[in-house]
Amino acid sequence: VGDLQTLLQNAVAPRPIAFASTIDKDGNPNLSPFSFFNVVSSDPPILLFSPARKGENGGLKDTYFNIKEVPEVVINMVNFDLVEQMSLSSVSYAKGVNEFEKAGLTALPSDLVRPFRVKESPVQFECVVQQVIELGTAAGAGNLMLCLVKKIHVHTSILDTNGQIDPFLIDLVGRMGGPYYVRTVKEALFQIPKPLGIMAMGIDQLPNHIKHSPYLTGNE
């Protein structure tokens with residue numbers, strides 16, 4: 001399983017990071033990052049992340065138990081300014097230890113859900129967990145959390161002049177395999193115009209001397 005997980009995480013990358021804030025029935029907060037994460041629907045707005053069973057013993061994480069008790073979560077996005085603190089919070093502290101305090105992060109009350117937000121995060125999603133799909137009981141098995149977004153908080157400092165999130169200002173961090181991360185700095189970003197509203201000719205319609213050129217790649 002360890003070898004398979006290493007292969008999967010190195011091949012399926014970079015992955016966004018869900019910095020998930022939950023709370024148990026007694027009000028104890030928990031904060032933990034997960035890179036099995038993405039947005040899967042716009043209407044309704046649904047985020048999906050998976051706190052997988054621990055690889056060493058198949059145990060479940062506090063995030064899973066908290067969501068079972070209080071089906072709410074705040075998913076905080078991770079940028080370069082808080083990536084080290086995010087990593088620190090991934091330590092397997094004992095239940096009841098406050099990762100906000102361990103990582104030196106500021107817990108903000110949410111408006112619509114009980115878990116706290118991370119003040120330092122550039123975007124915070126207050127969510128209600130609609131469904132938990134358990135994928136297995138073996139070590140490494142995932143638990144899919146379908147999270148309905150109820151409110152979004154966005155730092156104005158990351159917005160462009162049109163009020164949209166600027167990819168250069170948000171400076172997001174993605175997860176690679178092993179200890180590696182990727183940062184969305186200017187040199188890493190490029191644009192490809194979407195072929196919308198046109199009927200593209202297609203590579204198959206190119207003349208053979210171009211289509212089979214020894215000098216031009218498929219991308220070119």
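Values in this document were obtained by computation on a predicted structure and should not be read as measured data. Residue numbers run from 1 in the order of the sequence given.
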### Query
If you round to the nearest 0.5 Å, how far is CG of L135 from CG of L144?
4.0 Å
### Message
Within the structure provided, determine whether P167 and T184 are in side-chain contact (heavy-atom separation under 4.5 Å).
### Response
no
### Task
Mind checking side chain to side chain donor-acceptor pair (under 3.5 Å) for D81 and listing every partner two or more places apart, or none if nothing turns up?
none
### Query
How many angstroms lie between OG in S87 and CG in L82, if you round to the nearest 0.5 Å?
11.0 Å
### Query
Would you say V74 and K151 make side-chain contact, with heavy atoms under 4.5 Å?
no
### Message
Please check if the number of heavy atoms outside E84 that lie under 6.0 Å from its CD is greater than 12.
### Response
no
### Query
If two hydrophobic side chains count as joined below 4.5 Å and joins carry through other members, does V78 share a cluster with F37?
no
### Message
Using the rule that Ile, Leu, Val, Met, Phe, Trp and Tyr join whenever any side-chain heavy atoms are under 4.5 Å apart, tell me whether V154 and V149 fall into a single cluster.
### Response
yes
#### Entry: For M77 against S121, the heavy-atom pair lying closest together
O-OG, 2.6 Å
### Message
Suppose the criterion is ring pair (Phe, Tyr, Trp, His ring centres under 6.0 Å): which pairs have a residue in residues 173-207, not counting sequence neighbours?
### Response
none
### Query
Just how far is it from atom CG of L169 to atom NE2 of H155, taken to the nearest 0.5 Å?
13.5 Å
### Query
Mind checking whether F65 and Y93 sit in one hydrophobic cluster, side chains of I, L, V, M, F, W, Y counted as touching below 4.5 Å?
no
### Query
Can you find a pair of side-chain heavy atoms, one from S21 and one from P29, that are under 4.5 Å apart?
no
### Query
When you measure from the side chain of E120 to the backbone N and O of L105, does any donor-acceptor pair fall under 3.5 Å?
no
#### Entry: Criterion side chain to side chain donor-acceptor pair (under 3.5 Å) on D24 and N28, from CA distance to verdict
CA-CA 5 Å; D24 68 16; N28 298 306; 3.0 Å; yes
### Task
Mark yes when over 12 heavy atoms from residues, nucleotides or ligands other than D204 sit less than 6.0 Å from its CG; otherwise mark no.
yes
#### Entry: Side chain proximity check, I46 to L148, heavy atoms < 4.5 angstrom
yes
### Message
Using a 6.0 Å cut-off, check whether atom CD1 of I203 has over 12 heavy atoms from anything other than its own residue.
### Response
no
### Query
Can you get from I67 to F125 by hopping between Ile, Leu, Val, Met, Phe, Trp and Tyr side chains that sit under 4.5 Å apart?
yes
### Query
Within a reach of under 6.0 Å around NZ of K211, are more than 12 heavy atoms found that belong to other residues, nucleotides or ligands?
yes
### Query
Do you know which two heavy atoms are closest between L159 and G163, and how far apart they sit?
CD2-O, 3.7 Å
### Query
Checking E126 side chain against D111 main chain: does a donor-acceptor pair fall under 3.5 Å?
yes
### Task
State whether the number of non-hydrogen atoms from other residues, nucleotides or ligands found under 6.0 Å of D3 atom CG is greater than 12.
no
### Query
Which residue pairs pass the side chain to side chain donor-acceptor pair (under 3.5 Å) test with at least one member in residues 31-54, sequence neighbours excluded?
R15-S35
#### Entry: Positive for side-chain contact (heavy atoms from CB on, under 4.5 Å) with I158, one of V123, L172, D166
V123
### Query
Taking only residues two or more places apart in sequence, or in another chain, which ones meet P179 in a side chain to side chain contact (heavy atoms under 4.5 Å, CB included)?
none
### Message
Taking the side chain as everything from C-beta on, heavy atoms only, tell me whether R175 gets closer than 4.5 Å to F36.
### Response
no
### Task
Working to the nearest 0.5 Å, report the span between CD of E220 and CD1 of I210.
12.5 Å
### Task
Drop me the distance from H153's NE2 to R117's CZ, to the nearest 0.5 angstrom.
4.0 Å
### Message
Given 3.5 Å as the limit, does a donor-acceptor pair link the side chain of D171 with the main chain of N79, or not?
### Response
no
## Note on the structure
The salt bridge (Lys or Arg N to Asp or Glu O under 4.0 Å) partners of E134 (sequence neighbours excluded) come to K68
### Message
For a side-chain contact (heavy atoms from CB on, under 4.5 Å) check, start with the C-alpha distance between T22 and D62, then their side-chain angles and the critical distance, and finish with the verdict.
### Response
CA-CA 9 Å; T22 57; D62 289 342; over 6 Å; no
## Note on the structure
In this structure, CG of D160 is separated from CG of N162 (nearest 0.5 Å) by 5.0 Å
### Query
Which of these passes ring-ring contact (aromatic ring centres under 6.0 Å, His included) with F34: Y64, F19, F49?
F49
### Task
Decide yes or no for V73 and V113: does some side-chain heavy atom of the first lie under 4.5 Å from some side-chain heavy atom of the second?
no
### Query
Side-chain heavy atoms under 4.5 angstrom apart, residues restricted to Ile, Leu, Val, Met, Phe, Trp, Tyr: same cluster for I152 and I170?
yes
### Summary
Looking only at heavy atoms, the pair that brings C147 and V129 closest together is SG-CG2, 4.2 Å
### Query
Is there a donor-acceptor pair closer than 3.5 Å between any side-chain N or O of N10 and the backbone N or O of T6?
yes
#### Entry: Closest heavy-atom pair and its distance - G174, I17
C-CD1, 4.4 Å
### Query
Do you know the tightest heavy-atom contact between L88 and A103?
CD2-CA, 3.9 Å
### Query
Excluding sequence neighbours, so at least two apart, what forms salt bridge (Lys or Arg N to Asp or Glu O under 4.0 Å) with R114?
E72
### Query
Considering all heavy atoms of both residues, which atom of A188 and which atom of R183 are nearest to each other, and what is their separation?
CB-O, 3.9 Å
### Message
Please determine whether side-chain contact (heavy atoms from CB on, under 4.5 Å) holds for the pair Q124 and F116, giving the CA-CA distance in whole Å, both sets of side-chain angles, and the decisive distance to 0.1 Å.
### Response
CA-CA 10 Å; Q124 308 134 21; F116 295 98; over 6 Å; no
